[in-house]
Amino acid sequence: MPYYKKYKIPLLWLRRHTSDREFMIISSVLVGFTAGMAAVALKSLVHYIHVLLAYGNRLLDQPYWLVIFPIIGILLTVLLVRTLFNGTIGRGTANVLFNISQKSSMMERHKMFSHVLTSGITAGFGGSAGLESPIVVTGSAIGSNYGREYHLNYRDRTLLLASGAASGIAAVFNAPIAGVLFAIEVLLTDISIAAFIPLIIAAVVGALCSRIILQEEILFNIGQIEFFAANHVPFYVLLGILAGMISVYYTRMALRVEELFELYQGKPYTRAIIGGMLLGLLIILFPPLFGEGYGSITLLEQNNAEKLLQDSWLAFFGTNEWLVLCFVGALALVKVFATTITIASGGNGGNFAPSMFVGAATGFFFSRLVNLLNISSLPVSSFSMVGMAGILSGVMHAPLTAVFLIAEITGGYTLMIPLMLVAATSFAMVKYFEPYSLDTKKLAQKGQLLTHNKDRTILHIMKIRHLIETEFQPVSPDATLGELVQVIADSRRNLFPVVNAEQKLEGIILLENVREIMFKTEKYEVVKVKELMIKPPAVVQYNDSMADVMKKFDESGAWNLPVLLDERYIGFVSKSSIFTKYRKLLIKTTNV
């Protein structure tokens, strides 16, 4: 046996000697451990690059390095992607959803490490993006390729893919519950109690990896937040509304900035330089935009926002409370541009951490404003943390993940009521204006989004090419009735495509329409097929989505429709074969 196959022997033995459920539990441990270690490697890589460049040599004391570092990071990322990964690596959660819906949960092998390398360089050199989306892609790729290696079916492969993502999120935040909920809310289309077990195990293993290995300064932890006061409920509702408005702003502005950078799609290095320079300029004006931003979030939570101005050009004007308030409010708005420029110009990262940054700034701004106006006395720390849940819920469309993530990183559940209130209010408001999250909006516009609607999910999975029937006997439009009768006698079908010499479909013959004339032998040499054919009620194109195909069946009332590829006839698709395939996929994809 080749050397590269030897590692499979223990698990192949286990698979033969354990039940499917037992093997999935063992697999979830291995996937969780691997994804957790990938998260540890990524967090460590960013931390030590950042320490070396920004703090170890005190280079950030010179403002021009703020411009140079992001350019270097984005250029290095673009160079690696183009030379090692064929110019594309597929960024963000949307890429994972695309692979689930369009590629049967199969992900490229290089994604098990390419996102760790590229996002680590981008964020380590000051890119204003998060590491959570890259680690979700990495963990998902680990689970997907594990399932492919051991020939697991679509259902189990998708479950392991989600388990890898859950482990990655759990490891990054040391928050296993949030990891599980993220996998359920964002990646999985349906879930059963039995499917929870692999997700929970993978998330716990991933969280243990980070807790045991990573140092305290690398992990993002918040101290215990003060207890929730019921008289603050109206202010939390207002914060939820504000978070919803900021989330809509975040989504729409991010998409507009991405569209601007698409103008440079054929010039990757030009785009990287322009993006790096713009990002550097923003960082000079607003130094907290450098890197992920968790340090800034900690300062906001501790009500020490004045320290954010220390390296800013605004420090010249002192640390007036109103100046601090305006600076933090501007940070919440500008962070959207910094993050989108980082990603759209060629860097690798996601919107998870930036959403938390914007949320903390929003909560701080709101509570500090209320306090300065003497309207009430609000706990700034609590509102900063709850604001994070509001923006996360609105931008990612994952309210449960947002609630439990903030609850876990604050070390308690004293804020559970305001977290739920703000997350739900923000999500409801955003859902009205933006039905899809920032990561999934483009997929939805292309009709490639896997949703929690089981019917639509299965239709996404089904492909026309797997359902084409070619045993229909074609006839020429110039054939005689006698020749048609001979074709009918040799066929078991009651439908016959009329195809010319160029293989183009000109019509169809229905047996019921020629039943009477086919017994009139005196017309066998007189009547031509083109005189008997009729126009098909509808035509299916080879690249049509299954949703479009079913719509054509419903509107035409037909049971069989011809399939064309570039106007060339290639076969028929039948409603009965679609129903049969639908039932098989329903059984195959349902978690039991």
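Counting from 1, the numbers follow the sequence of the chain as shown.
Remark: Ile177 CD1 to Leu405 CG distance equals 11.0 Å, nearest 0.5 Å. Here the CZ-OG distance, from Arg109 to Ser114, works out to 13.5 Å after rounding to the nearest 0.5 Å. For the atom pair Met429 CE and Ile246 CD1, the distance stands at 10.0 Å (nearest 0.5 Å). Here CD1 of Ile121 is found 7.0 Å from CG of Leu45. Values are rounded to the nearest 0.5 Å. A distance of 8.0 Å separates OG in Ser296 from CG in Leu289, rounded to the nearest 0.5 Å. The line from OH of Tyr146 to CG of Leu160 is 7.0 Å long, rounded to the nearest 0.5 Å.
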> Could you go step by step and tell me if Tyr294 and Phe357 meet the ring pair (Phe, Tyr, Trp, His ring centres under 6.0 Å) rule?
Replying inline: CA-CA 7 Å; Tyr294 285 124; Phe357 183 102; 9.3 Å; no

>> Let's go through Phe352 and Phe173 carefully: what are the C-alpha distance in whole Å and the side-chain angles of both, what is the deciding distance for ring pair (Phe, Tyr, Trp, His ring centres under 6.0 Å) to 0.1 Å, and is it a yes or a no?
In response: CA-CA 11 Å; Phe352 207 103; Phe173 291 109; 5.6 Å; yes

> After noting the C-alpha distance and the side-chain angles of Val96 and Ile100, does the key distance pass the side chain to side chain contact (heavy atoms under 4.5 Å, CB included) rule?
Replying inline: CA-CA 6 Å; Val96 179; Ile100 294 175; 4.2 Å; yes

>> Applying side chain to side chain contact (heavy atoms under 4.5 Å, CB included) to Leu281 and Met277, what does each step give before you reach the verdict?
In response: CA-CA 6 Å; Leu281 177 62; Met277 292 180 65; over 6 Å; no

> What's the verdict on side chain to side chain contact (heavy atoms under 4.5 Å, CB included) for Phe182 and Val136, showing C-alpha distance, side-chain angles and the deciding distance?
Replying inline: CA-CA 10 Å; Phe182 175 85; Val136 165; 3.6 Å; yes

>> Pair Thr425, Ile241 - check side chain to side chain contact (heavy atoms under 4.5 Å, CB included), show working.
In response: CA-CA 6 Å; Thr425 303; Ile241 296 173; 4.0 Å; yes

>> Working note: Glu149 + Arg157, criterion salt bridge (charged side-chain N to carboxylate O under 4.0 Å, His left out); need CA distance, chi angles, decisive distance, verdict.
In response: CA-CA 10 Å; Glu149 196 72 21; Arg157 190 167 57 248; over 6 Å; no

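In Tyr249, the OH atom is crowded: over 12 heavy atoms of neighbouring residues, nucleotides or ligands sit closer than 6.0 Å. Heavy-atom contacts from other residues, nucleotides or ligands closer than 6.0 Å to CE of Met106 number more than 12. The 12-atom threshold is not exceeded at CE of Met245, counting heavy atoms of other residues, nucleotides or ligands nearer than 6.0 Å. Within a 6.0 Å radius of CZ in Phe33, no more than 12 heavy atoms belonging to other residues, nucleotides or ligands are found. Annotation for Glu567: atom CD does not count as buried by contact number, only 12 or fewer foreign heavy atoms lying within 6.0 Å.
Shortest non-hydrogen contact noted between Ala389 and Ala402 is O-CB, 3.4 Å. Minimum interatomic distance between Phe365 and Gly329 (heavy atoms only, all atoms of both residues): CD1-CA, 3.8 Å. The shortest heavy-atom contact between Leu300 and Ser384 is O-OG, 3.7 Å. Taking both residues in full, the closest heavy atoms of Thr362 and Ala332 are given as OG1-CB, 4.1 Å, listed atom of the first, atom of the second, then distance.
Of the N and O atoms on the side chains of Tyr542 and Asp566, not one donor lies less than 3.5 Å from an acceptor on the other residue. With 3.5 Å as the limit, one finds no donor-acceptor pair spanning the side chains of Ser119 and Asn348. Between the side chains of Ser105 and Ser144, not a single donor N or O lies within less than 3.5 Å of an accepting N or O. Between Thr251 and Glu434, the side chains place no donor N or O within less than 3.5 Å of an acceptor N or O (distance only, hydrogens not considered).
Side-chain atoms of Leu187 and Leu97, non-hydrogen and from C-beta on, do get closer than 4.5 Å to each other. Side chains of Val186 and Leu181 form no contact here, defined as non-hydrogen atoms less than 4.5 Å apart. Within the 4.5 Å cutoff, no side-chain heavy atoms of Ser133 are placed close to those of Val137. Leu564 has its side chain out of reach of Val540: every pair of non-hydrogen atoms, C-beta onward, lies at least 4.5 Å apart. For the pair Pro288 and Leu331, the minimum side-chain heavy-atom distance is below 4.5 Å. Contact check for Phe383 versus Phe364: no side-chain heavy atoms found under the 4.5 Å cut-off. Side chains of Val395 and Val430 form no contact here, defined as non-hydrogen atoms less than 4.5 Å apart. Residues Leu392 and Thr401 fail the side-chain proximity criterion, which asks for heavy atoms closer than 4.5 Å.
Ionic pairing of Arg271 and Glu258 is not present here: no N-O contact between side-chain nitrogen and carboxylate oxygen is shorter than 4.0 angstrom. For the pair Lys111 and Glu108, the salt-bridge criterion is met [side-chain N within less than 4.0 Å of a carboxylate O].
Using cut-offs of 30° and 60° on the angle between ring planes, the pair Phe427 and His397 is perpendicular.
The backbone N or O of Asn95 sits less than 3.5 Å from a side-chain atom of Asn99, completing a donor-acceptor pair. A distance-only check finds no donor-acceptor pair linking the side chain of Thr122 to the backbone of Gly347 [under 3.5 Å]. In this structure, the side chain of Thr138 does not engage the main chain of Phe113 through any donor-acceptor pair within 3.5 Å. A donor-acceptor pair under 3.5 Å is absent between the side-chain atoms of Asn174 and the main chain of Ala171, judged by distance alone. Side chain of Glu301 to main chain of Met385: no donor-acceptor pair is present (N/O by atom type, distance under 3.5 Å, no hydrogens or angles). Using a distance-only test at 3.5 Å, with no hydrogens or angles considered, a donor-acceptor pair links the side chain of Arg148 to the main chain of Met107. Remark: the backbone N or O of Ile341 is paired with a side-chain donor or acceptor of Ser345 at under 3.5 angstrom. The main-chain N or O of Ala178 is found under 3.5 Å from a side-chain atom of Glu408 such that the two form a donor-acceptor pair. Although no hydrogens or angles enter the test, the distance criterion places no donor-acceptor pair under 3.5 Å between the side chain of Thr339 and the main chain of Val336.
Residues satisfying the salt bridge (Lys or Arg N to Asp or Glu O under 4.0 Å) criterion with Glu132, sequence neighbours excluded, are absent altogether. Partners of Lys335 according to the salt bridge (Lys or Arg N to Asp or Glu O under 4.0 Å) rule, which considers only residues two or more places apart in sequence or in another chain, do not exist here. Residues satisfying the salt bridge (Lys or Arg N to Asp or Glu O under 4.0 Å) test with Arg465, not counting sequence neighbours, are none.
The only option from Asn351, Thr93, Thr340 that meets the side chain to side chain contact (heavy atoms under 4.5 Å, CB included) definition with Leu438 turns out to be Asn351.
Residue pairs that meet the salt bridge (Lys or Arg N to Asp or Glu O under 4.0 Å) test with at least one member in residues 280-296, sequence neighbours left out, are Lys43-Glu292. Each salt bridge (Lys or Arg N to Asp or Glu O under 4.0 Å) pair with one or both residues in residues 166-177, not counting sequence neighbours, would appear here, but there are none.
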Could you tabulate the donor-acceptor pairs under 3.5 Å formed by side-chain atoms of residues 80-87, not counting sequence neighbours?
residue, atom, partner, partner atom, Å
Thr83, OG1, Leu79, O, 2.6

